[in-house]
Amino acid sequence: MINIKKLIAQMTLEEKAGMCSGADFWHLKGIERLGIPSLMVSDGPHGLRKQDMRADNLGINESIKAVCFPAACNTAGSFDRQLLKEMGQVIAKECLAEDVSVILGPGMNIKRSPLCGRNFEYFSEDPYLTGELAAAFVQGAQAEGVGTSPKHFAVNNQENYRMSVSAELDQATLREIYLSAFEKVIKKAQPKTIMASYNRVNGTYASENHQLLTDILRREWDFQGYVMSDWGAVDRRVEALEAGLDLEMPSSNGFNDATIIEAVQTGRLDEKILDQTVERILRVVFDYVDKRRAVVWDKEADHDKARQIAEESAVLLKNDGVLPLSKGQKVAFIGAFAQTPRYQGGGSSHINAFKVSSALEAVKAYQEVSFALGYDLEEKANQAELIAEAVALAKANDAAVIFAGLPENFESEGYDRQHIQLPANQNALVQAVAAVQKNTVVVLHNGSAVTLPWEADVAAILEMYLAGQAVGEASVNLLYGKTNPSGRLAETFPYQLEDNPSYLNFPGDGDVVNYKEGIYVGYRYYDKKRMAVQYPFGYGLSYTSFAYSDLQVSQTELLDTDKVTVSLKVTNTGSVAGKEVIQLYVAKLFDNDRRPVRELKGFEKVYLEPNESKDIQFILDKGSFSEFNSLLNDWYVASGDYAIQICHNSRDLALSQTVTIKSTQELPFIVHRNTTLGDLLEHPKTHDWSIELRARVDSFFHPEGQAEDDAVSDDMADNFLKNMPLRGVLSFIGMTSEELDEKLASINQ
Ligand code: BGC
């Protein structure tokens with residue numbers, strides 16, 4: 001590898017400043033005289049959107065023909081690290097074939113509200129699942145020598161006012177929900193770059209946020225790559241540079257190069273910061289150059305990979321036994337999406353698919369089916385006629401499969417959804433068909449949760465999400481049982497939008513958005529509230545059945561620094577082969593009112609032939625039990641009992657084992673004038689003093705030690721005093737204000 005420090009020493013100030021922003025929309029600047037190439041980056045995340053002509057970041061202009069893989073809303077359902085790794089590998093090879101140094105993804109923001117227009121590009125409402133899958137994708141891609149750019153760092157959970165809104169949240173929520181997936185991806189997979197988001201976080205632009213970009217990302221997590229801005233996210237260039245933002249994208253047309261030069265010349269910016277930034281960028285540039293090699297892009301092979309991923313990720317939500325379909329049945333396919341499927345979302349991730357398979361085409365490999373359009377996406381045609389035609393067809397067949405979903409303009413990058421319903425004409429169609437055909441199956445194409453008002457009336461529901469260009473083949477392979485469905489929901493399906501925890505605080509007032517629900521995002525909220533939901537997080541069916549047994553843990557008493565091994569046996573008890581997702585959750589069994597019922601801390605996917613059993617192992621560590629403690633500004637495991645729970649989904653507990661953990665960390669306990677007698681009593685440091693104070697209060701009110709009077713029982717007095725702050729009992733305990741301050745100083749020393 002080239003000596004980068006030496007190279008930087010040869011660069012002029014102008015050249016160094018120039019490295020800090022793009023040459024154009026997609027390229028970094030190169031310096032010919034020094035042999036620094038001008039490398040390209042491209043979207044991402046679920047395929048290659050390489051624009052070689054007119055450039056834009058909204059998916060307006062065409063990119064080269066490529067393979068559209070399933071979007072993250074679909075792939076998250078796989079609960080399969082290996083699959084995501086392979087997807088990363090395949091896309092990275094496409095990048096090599098096209099000489100693209102960094103693929104701009106994965107998208108890994110948390111699905112705070114189902115309304116976020118870009119949820120289709122994100123994995124889950126759960127940070128553990130998001131982090132694991134994103135890390136696998138990054139590992140796969142980077143093993144091929146191509147960089148990745150996990151995005152959008154951070155707290156970018158809506159499209160309305162996405163470039164300006166300030167996401168306001170407390171530190172525990174920030175760390176546990178919105179940063180922990182990023183923490184995982186950095187620590188596990190060390191992505192070559194990371195993309196800073198447009199929005200502000202607690203008032204400061206993410207791209208100028210020193211706490212995020214330097215204190216946390218680099219100092220705490222040891223991120224080694226370079227931070228690039230989202231396209232056009234940089235506000236004040238020098239502040240951004242100082243905060244830790246290395247590369248501004250796209251080009252600033254020279255303006256910010258000049259700003260940086262001037263800042264160095266006037267002494268406002270330390271040139272060392274600039275040198276460090278250039279070094280970070282060049283390290284990634286030359287890492288790619290060193291590993292770059294010629295690769296032949298076999299688009300057909302990648303199409304087939306896209307199909308496999310879609311099949312492994314789709315979620316079977318309901319099945320009264322109608323699925324899998326058999327070739328002997330007379331089947332009607334209904335719906336515009338059977339013919340022209342919706343398979344990807346709009347915006348910067350939009351791939352120019354080299355081919356798209358429709359279910360209507362793909363089903364020919366199985367049998368002839370009849371077809372009715374059922375609805376018109378534009379909602380212009382005569383809907384009653386379309387429904388009548390579909391109903392007649394459904395009646396004349398043994399089963400009806402309706403391909404429904406959200407039209408493209410219902411969800412996209414750049415704006416949020418208005419509601420979470422399917423178009424009214426589609427709901428009416430499903431209802432009408434289900435009324436005449438008991439074997440009605442609905443196949444869904446959508447980027448995020450929708451309401452299903454006809455759920456009880458149909459026989460089966462297959463959630464494909466936005467499944468990429470091979471969606472047609474994937475759907476029919478699942479419908480006919482060539483592949484056994486094994487996806488699980490990575491988000492809760494609520495009964496109505498109003499149930500969502502962010503409902504009252506989304507998307508904010510245009511200036512700020514308050515994350516008042518705190519850590520109670522997704523199932524953490526629904527489960528805590530014991531709220532009925534349409535389908536819980538982690539839910540999904542199979543054409544076979546599985547049984548769990550023999551749950552064991554390596555030890556039941558441990559320190560927070562120990563690891564514990566959890567094992568169990570999983571058996572395929574049905575009659576066809578299939579894959580099962582085993583989900584491990586952790587529940588805190590004490591002081592639980594401020595914690596979720598349970599939180600996902602492990603998952604494994606396993607393939608089993610009928611009657612086959614396999615042993616599954618999980619290794620849990622401190623991260624599996626900890627919560628973020630703002631006093632420590634660190635992760636902390638409180639001493640006590642925790643349940644390790646093996647579940648079918650967040651609502652369905654199968655096996656449980658309790659472990660007792662002892663903390664090795666001591667929480668700081670600062671006593672102040674408003675500390676209550678109750679809190680003093682709880683803490684070993686002040687327990688005895690609290691008892692002494694209590695006695696003094698007692699003797700103030702009962703100088704002769706009278707017995708309890710009628711009006712106030714001992715219990716009442718205890719409870720009353722528990723909530724009294726020190727400053728409120730001064731006169732009863734015979735202490736002056738100054739004496740109290742002295743006492744506090746000595747305790748807090
Ligand atoms: C998006 C990014 C994308 C970039 C480049 C932005 O508008 O937010 O996700 O990578 O454009 O297209």
Side-chain angles (χ1 to χ4, degrees), residues 21-28 39-64 66 68-69 71-73 91 95 98 100-111 116-123 130 134 137-138 141 146-165 167 182 185 191-201 205-207 225-235 245 247-252 344-352 411-416 447 466:
S21 59
D24 56 30
F25 222 80
W26 301 117
H27 292 85
L28 279 71
L39 294 186
M40 185 172 202
V41 301
S42 276
D43 287 309
H46 46 263
L48 188 55
R49 187 173 76 100
K50 181 184 179 188
Q51 289 186 317
D52 46 6
M53 311 267 282
R54 264 177 311 157
D56 71 274
N57 62 330
L58 299 171
I60 298 167
N61 296 308
E62 278 225 329
S63 47
I64 60 162
C68 179
F69 288 84
C73 55
I91 293 178
C95 289
E98 289 291 330
V100 169
S101 69
V102 172
I103 182 89
L104 302 175
M108 48 187 301
N109 295 100
I110 294 297
K111 298 181 197 220
C116 173
R118 225 174 163 179
N119 272 1
F120 72 86
E121 245 181 289
Y122 302 144
F123 290 108
T130 298
F137 180 93
V138 170
V146 172
T148 55
S149 196
K151 63 190 187 183
H152 309 85
F153 189 65
V155 210
N156 176 191
N157 312 95
Q158 65 190 61
E159 291 299 287
N160 277 338
Y161 297 99
R162 69 166 166 159
M163 297 187 78
S164 53
V165 75
F182 284 103
V185 89
K192 293 291 171 196
T193 86
I194 194 149
M195 189 187 291
S197 60
Y198 286 125
N199 55 291
R200 289 174 289 151
V201 179
Y205 285 108
S207 61
Y226 69 79
V227 178
M228 76 170 91
S229 72
D230 199 343
W231 267 231
V234 169
D235 185 30
L245 184 117
L247 176 67
E248 172 185 4
M249 283 305 280
S251 159
S252 74
Q344 67 171 327
S348 62
S349 67
H350 197 93
I351 306 294
N352 186 1
E411 53 185 351
S412 166
E413 177 179 343
Y415 57 90
D416 292 322
L466 301 181

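Atoms within a ligand are numbered from 1 in the order they appear, just like the ligands themselves. If you're wondering where the values come from, they're calculated on a predicted model, not measured in any experiment.
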* **Verdict with reasoning, H46 to C68, per side-chain contact (heavy atoms from CB on, under 4.5 Å)** => CA-CA 6 Å; H46 46 263; C68 179; 4.3 Å; yes

* Are any of the N/O atoms in W231 less than 3.5 Å from those in ligand 1? -> no

* Asked: Any nitrogen or oxygen of E121, main chain or side chain, under 3.5 Å from a nitrogen or oxygen of ligand 1?
  -> no

* Asked: What are the atoms of ligand 1, with element, lying closer than 4.0 Å to any heavy atom of M195?
  -> 10 (O)

* **Within reach of ligand 1, part of R162 (heavy-atom separation under 4.0 Å)** => side chain

* Asked: Between S348 and R49, is a side-chain contact (heavy atoms from CB on, under 4.5 Å) present by the stated rule, with each step listed?
  -> CA-CA 8 Å; S348 62; R49 187 173 76 100; 3.8 Å; yes

* **Closest protein heavy atom (residue, atom, distance) for atom 2 (C) of ligand 1** => D230 OD1, 3.2 Å

* Side-chain heavy-atom pair D230, K151 within 4.5 angstrom cut-off -> no

* Smallest separation among heavy atoms of G345 and H350, with atom names -> O-ND1, 3.4 Å

* Please work out which of the three classes, parallel, tilted or perpendicular, describes the rings of W231 and W26, given edges at 30° and 60°. => tilted

* **Contacting atoms of ligand 1, where contact means under 4.0 angstrom from a heavy atom of E413** => 1 (C), 6 (C), 7 (O), 8 (O)

* ligand 1 atoms in contact with L104 (distance to a heavy atom under 4.0 Å) -> 10 (O)

* Asked: Is there at least one pair of N or O atoms, one from D43 and one from ligand 1, spaced under 3.5 Å apart?
  -> yes

* Asked: Backbone N or O of V155 within a donor-acceptor pair of the N199 side chain at under 3.5 Å?
  -> yes

* To do: Check if W26 has a non-hydrogen atom at a distance under 4.0 Å from any atom of ligand 1.
  => yes

* Ignoring hydrogens, just give me the one of R49, Q51, R118, M249 whose non-hydrogen atom is nearest atom 9 (O) of ligand 1. => R118

* Asked: Considering only heavy atoms of K151, which atoms of ligand 1 have at least one such atom less than 4.0 Å away?
  -> 2 (C), 3 (C), 9 (O), 10 (O)

* Got a second to check how far E413's CD is from R162's CZ, nearest 0.5 Å? -> 4.0 Å

* Asked: Under the side-chain contact (heavy atoms from CB on, under 4.5 Å) criterion, do V102 and M195 qualify, and how do the steps go?
  -> CA-CA 11 Å; V102 172; M195 189 187 291; over 6 Å; no

* **atom 11 (O) of ligand 1: the protein heavy-atom neighbour that sits closest, reported with distance to 0.1 Å** => N57 CB, 3.2 Å

